There are 2 protein chains.
Amino acid sequence: MIRALLVDDHQLFGEGVRSMFNPNDGIEIVKITTNGNNVPAILSEIEVDMILMDISMPLIDGVGVLELMKKNGLDVPVLMLTMHQDMKYIRRTLETGAQGYILKDASKSELTEAIEKVSRRENYFHPKINNQIFDYLRGNKNPSEGNLVDQLSDREKEIIGCIGKGMNSKAIAEALFISEHTVKTHRRNIMHKLGVKNTAELISFSMEKGII
Amino acid sequence: MIRALLVDDHQLFGEGVRSMFNPNDGIEIVKITTNGNNVPAILSEIEVDMILMDISMPLIDGVGVLELMKKNGLDVPVLMLTMHQDMKYIRRTLETGAQGYILKDASKSELTEAIEKVSRRENYFHPKINNQIFDYLRGNKNPSEGNLVDQLSDREKEIIGCIGKGMNSKAIAEALFISEHTVKTHRRNIMHKLGVKNTAELISFSMEKGII
DNA sequence: TGGCCGATACCTCTAAAGTGGTATCGTGAA
DNA sequence: TTCACGATACCACTTTAGAGGTATCGGCCA
């Protein structure tokens, strides 16, 4: 019997997955938490063979929980649960070292297979995200290609956020304690990186990609 | 026993919800489909008391399915399943006439209550979305306040769409066969109606509200 | 029929965005 | 220890957006 901890902020999804497995599946969700910050505490109390973890959560995201676990020296294999919208994070999470990735629209049999593999510390990647993995590996060899969004620095994303709020370059400069010139340079670099012509396209692109 | 049809592109979520209900809950998911286009065909084959429907789906979204049902004269109460990200669509879907709305992070008991109410053709609104509903109703009674979006004419929405694509006033003018002056007047009127300062805020507001 | 409003159009002027450069500094990777 | 890169800063210039007006025309509704 594989004992699994489920970390997901969607109660409905969590309880659904739990009741999906019956004893003869060889898998049991022994605990569900909606707050990733509780993971270290839970792991010190109960023993699990693997963790099923949602990537996008409000309080702390899946990557954050992974980092938290690393910091506390907790070594439990993790299967990340992602939605299509999270695809953009996959590269980030690959570096943090999850054991596998599966899409939330996978079937029960796929999930079962994934849980089994991950609990044995084998890697599992859902077929649909293979392209992302491939892009990532290729991107490492040739960073000039690949994901536009990941080319943005944190500062640049911060600037985009300000622009989206309707702030002009001067207001952004004052808010971030930098010169207006610097803000304009950032804007230019951002637009160049994302391949957009103007502010309107920048914002609509950024919102579509989930940068803001 | 309430017989329900579940429409959701996330297989895992669907199967999870299905196995969450056992016979003594009084609810049974008799069928799951990941493609909303199949709903009319399914309804002609099997009889259900209500439909649980995800809003955001790739092939056809929840609102589209509702419209499709209306067109085919199918009158089955629908409970919409929404995620936080879908909140912006709620106003749009209210007009299409779903019977209730529940968030995907609701608990099993909340879902049970919602399904029971909707199957009896009572309305159910999850507490977290009450504000949205309230805004909507207030907007209807007093159009000068509240609902900013509905003050926009179709032409104005069309202009917003063009701006979001990164087109400047000149390009929009050429595309719509009108003068650049006219486009600028529209832009000004739109910004005034929505109470935004600049293009960036216009686009981010419009995308949040689901205008584009 | 008279008034309201949306779509159209024009003028002028200022502010802001966008484009072309260059350059320094610190940090982290090769 | 170079070398690359992100964050910072500045200059000069063109284009566009934004704000102030005014005005015509056609449809809809009371």
Side-chain angles (χ1 to χ4, degrees), chain A residues 91-92 95-96 136 139-206 211-212, chain B residues 142-145 147-206 211:
Chain A
R91 286 169 96 169
R92 226 177 89 215
E95 282 151 12
T96 328
Y136 171 76
N140 256 4
K141 281 171 198 158
N142 188 353
S144 65
E145 291 179 14
N147 199 322
L148 293 171
V149 175
D150 293 348
Q151 290 174 34
L152 294 172
S153 69
D154 288 343
R155 192 57 155 182
E156 286 167 341
K157 286 174 192 167
E158 195 177 4
I159 302 271
I160 295 175
C162 292
I163 298 171
K165 283 180 200 152
M167 294 162 77
N168 62 21
S169 297
K170 193 182 166 193
I172 298 172
E174 284 164 6
L176 302 183
F177 305 106
I178 56 178
S179 144
E180 195 181 334
H181 298 292
T182 308
V183 176
K184 288 197 168 192
T185 306
H186 279 306
R187 291 180 81 128
R188 197 185 339 187
N189 294 339
I190 292 165
M191 290 197 288
H192 184 248
K193 281 185 183 178
L194 300 184
V196 296
K197 290 186 295 298
N198 52 35
T199 305
E201 203 182 353
L202 166 65
I203 297 301
S204 96
F205 182 89
S206 300
I211 302 172
I212 46 177
Chain B
N142 188 352
S144 66
E145 290 178 17
N147 200 328
L148 295 170
V149 176
D150 294 347
Q151 290 174 40
L152 294 173
S153 69
D154 288 343
R155 192 59 154 180
E156 285 167 341
K157 287 174 191 167
E158 195 178 3
I159 302 271
I160 295 175
C162 292
I163 298 171
K165 284 180 198 150
M167 294 162 76
N168 62 21
S169 297
K170 194 184 167 191
I172 298 172
E174 284 164 5
L176 302 183
F177 305 106
I178 57 178
S179 143
E180 193 180 334
H181 299 290
T182 308
V183 176
K184 289 195 168 193
T185 307
H186 279 306
R187 291 180 80 128
R188 198 184 340 183
N189 294 339
I190 292 166
M191 289 198 289
H192 184 247
K193 282 184 182 177
L194 299 183
V196 295
K197 290 185 295 299
N198 51 35
T199 306
E201 203 181 353
L202 165 65
I203 297 301
S204 95
F205 182 88
S206 300
I211 302 172

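Chain identifiers are assigned alphabetically (A, B, ...) following the order of the sequence lines, protein sequences preceding nucleic acid strands; residue numbering begins at 1 within each chain. Because the structure is a prediction, the values reported are computed rather than measured. Excluded from the calculations below are hydrogen atoms, water molecules and symmetry mates; all remaining heavy atoms, backbone and side chain alike, are included.
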message: Are the side chains of A:T199 and A:R187 in contact, using a 4.5 Å heavy-atom criterion?
response: yes
query: If you take all heavy atoms of B:K197 and A:G166, which pair is closest and at what distance?
result: CE-O, 3.5 Å
task: May I ask you to list the residues of residues 169-191 of chain A, by number, that have any heavy atom positioned under 4.0 Å from an atom of DNA chain C?
output: A:S169, A:K184, A:R187, A:R188, A:M191
- prompt: Rounded to the nearest Å, what distance is computed from the CD atom of residue A:E201 to the C1' atom of nucleotide D:dT16?
  reply: 15 Å
- prompt: Does some side-chain heavy atom of B:R155 sit less than 4.5 Å from a side-chain heavy atom of B:L176?
  reply: yes
query: Nearest-Å distance, CG (B:N168) to P (D:dG18)?
result: 12 Å
Value in whole Å for how far the C1' atom of D:dT8 lies from CD of A:E156: 12 Å
query: Is there a side-chain contact between B:S206 and B:L194, using heavy atoms and a 4.5 Å cut-off?
result: yes
- prompt: C:dA9 C1' sits how many Å from B:R155 CZ, rounded?
  reply: 13 Å
- request: Mind listing the closest non-hydrogen atom pair of A:E156 and A:L152 along with its distance?
  value: OE1-CA, 3.3 Å
query: Taking atom C1' of C:dG6 as reference, at what distance in whole Å does atom NE2 of B:H192 sit?
result: 16 Å
field: Exercise: identify the closest heavy-atom pair between B:S204 and A:G164
entry: OG-O, 2.7 Å
message: Could you tell me how far apart A:M167 (CE) and C:dA16 (P) are, to the nearest whole angstrom?
response: 14 Å
message: I need the B:C162 SG to B:E174 CD distance, nearest 0.5 Å.
response: 12.0 Å
message: Among A:I159, A:I163, A:V183, which residue satisfies the side chain to side chain contact (heavy atoms under 4.5 Å, CB included) criterion with A:S169?
response: A:V183
statement: In whole angstroms, the gap separating P of C:dG6 from CD1 of B:I159 amounts to 14 Å
field: Between D:dT16 (P) and B:I163 (CD1): distance, integer Å
entry: 15 Å
task: Have a look at the helix from C:dT1-D:dA30 to C:dA30-D:dT1 and give the angle its two end axes make, five pairs each, rounded to 10 degrees.
output: 60°
statement: Shortest non-hydrogen pair, B:A173 vs B:S179, comes out as CB-C, 3.7 Å
